[in-house]
Amino acid sequence: MIITKFLQSLKMAISSILSNKIRMFLTMLGMIIGVASVVLLIGLSDGSQKEINDSLSSMGTDLITVQIRNRSASRVVSPSDIMEFYNDNRDILVNISPYIGGSTTAKVGTTNESTTLECVDASFADIRGLDLDYGRFITEDEVKNRQNVAVVGTYIQQEFFDGQNPIGQQIKLNGIVYEIVGVLEETGDSTKTSADNKVIIPYTTARKILSASTPSTYYIQAASDEAVDVAVNTLKNYFNSMLGKNQATVTSQKQIMEVIDEVMGMLSALLGGIAGISLVVAGIGIMNIMLVSVTERTREIGIRKAIGARRGDILLQFLIESVIISCMGGLIGLLLAIGIGNAAAKLVEALNFVATQASITLAFSFAVIVGVFFGLYPAQKASKLNPIEALRFE
């Protein structure tokens, strides 16, 4: 009996919607735009978060960075001190590399270019997961013996050597001659502003090119993801004892990813909330149209009540009609958002769109709730009409 009444109300609601296609589509439009906005904004935010996390994960979640802020003459931590600490903590640390960054002028023949300079240890490639197209990375012996060897990016290879294998060729860095022993695998697009415009040399030769000779940054690889927190605390205690409290910042990739996830989560919620306002506006539009519909169909309601329809039957009919309008708008909005998001991601390289099940469920559920909430008042108004007065209505 209940199922029969429901199916009858559903049939009447669909018939009413189809009899006013244009008006109902315009009513749905607010819901379509609202749901599409929510899914698009959350999808773009989630896509950006995924891209950032993938980029950070490629460096390794076991990566730890130490940045020394204050290098006073009286209290200095040298690379040899760090190596001694590293050797004493092999159970939680597997690799460590000093790092000195800067810029320099690279020159081959008459061609010269400004490039990024990274002065590191031999283990830097393992810590940062660097791959090479040609040759090899710098070795421990070359670092120890302060040899002038260099590993270059693909931009340097293309600009100075026409894309040919440059192994064994010489390159001048601020007038100092270095021999190229390796070419890094392309990570960007091999343009001047990309990460492929770089030269890596032993940190022990940094003094020849840069004014800085004592590293203020260290990249460290923990033994495992589980050992990261222990390693961070151990490093903090070590640098606090050597330099004084808060003179060095120790951060792990894991901590950075957690902060980014938190920030991006808040951003997604904010964007979703802003877009969600349009769903409320759409709900008000649905309520308005349903009230108009109740007024227009007052005589129909009176006839139904006169032949035995109860309040619950009238209420169910109009409530189902409101929910159908809202759900259809929500479904079209979902499909529209997914189509636009995927198309935009293909056309604009910087964009990344991810339509997660959570965002889709949230948007569609909200559309259903809006349909019920804003359709309830018109449905109640219709169900409470006096059948005699309704039949007299012109």
Side-chain angles (χ1 to χ4, degrees), residues 6 9-47 267-298 300-301 314-345 351 353-385:
F6 177 81
S9 297
L10 180 63
K11 184 178 179 181
M12 294 181 71
I14 293 173
S15 176
S16 175
I17 291 170
L18 293 176
S19 66
N20 296 280
K21 296 184 184 69
I22 296 177
R23 186 172 73 178
M24 290 307 172
F25 175 74
L26 292 174
T27 306
M28 288 178 197
L29 200 57
M31 187 60 65
I32 292 169
I33 294 170
V35 170
S37 299
V38 170
V39 176
L40 264 175
L41 290 175
I42 294 178
L44 290 171
S45 176
D46 288 346
L267 180 62
S268 293
L270 179 63
L271 292 174
I274 293 170
I277 294 172
S278 60
L279 290 177
V280 176
V281 175
I284 295 171
I286 290 173
M287 180 189 284
N288 182 49
I289 290 299
M290 291 306 298
L291 286 171
V292 172
S293 181
V294 169
T295 303
E296 290 176 345
R297 293 155 63 188
T298 299
E300 174 195 324
I301 295 166
I314 304 298
L315 187 144
L316 184 62
Q317 177 191 344
F318 281 87
L319 192 59
I320 288 175
E321 192 172 322
S322 173
V323 171
I324 288 174
I325 294 170
S326 185
C327 288
M328 286 180 66
L331 183 60
I332 295 170
L334 279 175
L335 296 175
L336 186 65
I338 293 170
I340 292 174
N342 288 329
L351 290 179
F353 176 77
V354 176
T356 62
Q357 186 176 351
S359 64
I360 290 173
T361 303
L362 175 67
F364 192 74
S365 298
F366 201 75
V368 175
I369 293 169
V370 165
V372 173
F373 182 80
F374 287 97
L376 193 59
Y377 175 70
Q380 284 182 332
K381 185 177 180 181
S383 69
K384 290 178 181 179
L385 287 175

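Note that these values count all heavy atoms, side chains included, but never hydrogens, waters or copies made by symmetry. Everything numeric in this text was worked out from a predicted model, so none of it was measured.
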Donor-acceptor contacts under 3.5 Å from residues 25-39 side chains, at least two apart:
unit_1: Thr27; atom_1: OG1; unit_2: Arg23; atom_2: O; d: 2.8
unit_1: Ser37; atom_1: OG; unit_2: Ile33; atom_2: O; d: 2.7

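Rounding to the nearest 0.5 Å gives a distance of 5.5 Å between CG of Leu40 and CZ of Phe353. Note that the CE atom of Met290 and the CG atom of Asn288 stand 11.0 Å from one another [nearest 0.5 Å].
In this structure Ser45 satisfies the side chain to side chain donor-acceptor pair (under 3.5 Å) test together with Ser268, sequence neighbours excluded. In this structure, the side chain to side chain contact (heavy atoms under 4.5 Å, CB included) partners of Phe364, at least two apart in sequence or on a different chain, are Cys327, Leu331, Leu334, Val368. In this view, Leu291 and Met287, Tyr377, Pro378, Lys381 satisfy the side chain to side chain contact (heavy atoms under 4.5 Å, CB included) rule, not counting sequence neighbours.
A donor-acceptor pair under 3.5 Å links the side-chain atoms of Ser326 to the main chain of Ala367, judged by distance alone.
For the pair Leu319 and Leu376, the minimum side-chain heavy-atom distance is below 4.5 Å.
Taking each heavy atom of Ile286 and Ser322 in turn, the nearest pair found is CG2-OG, 3.6 Å.
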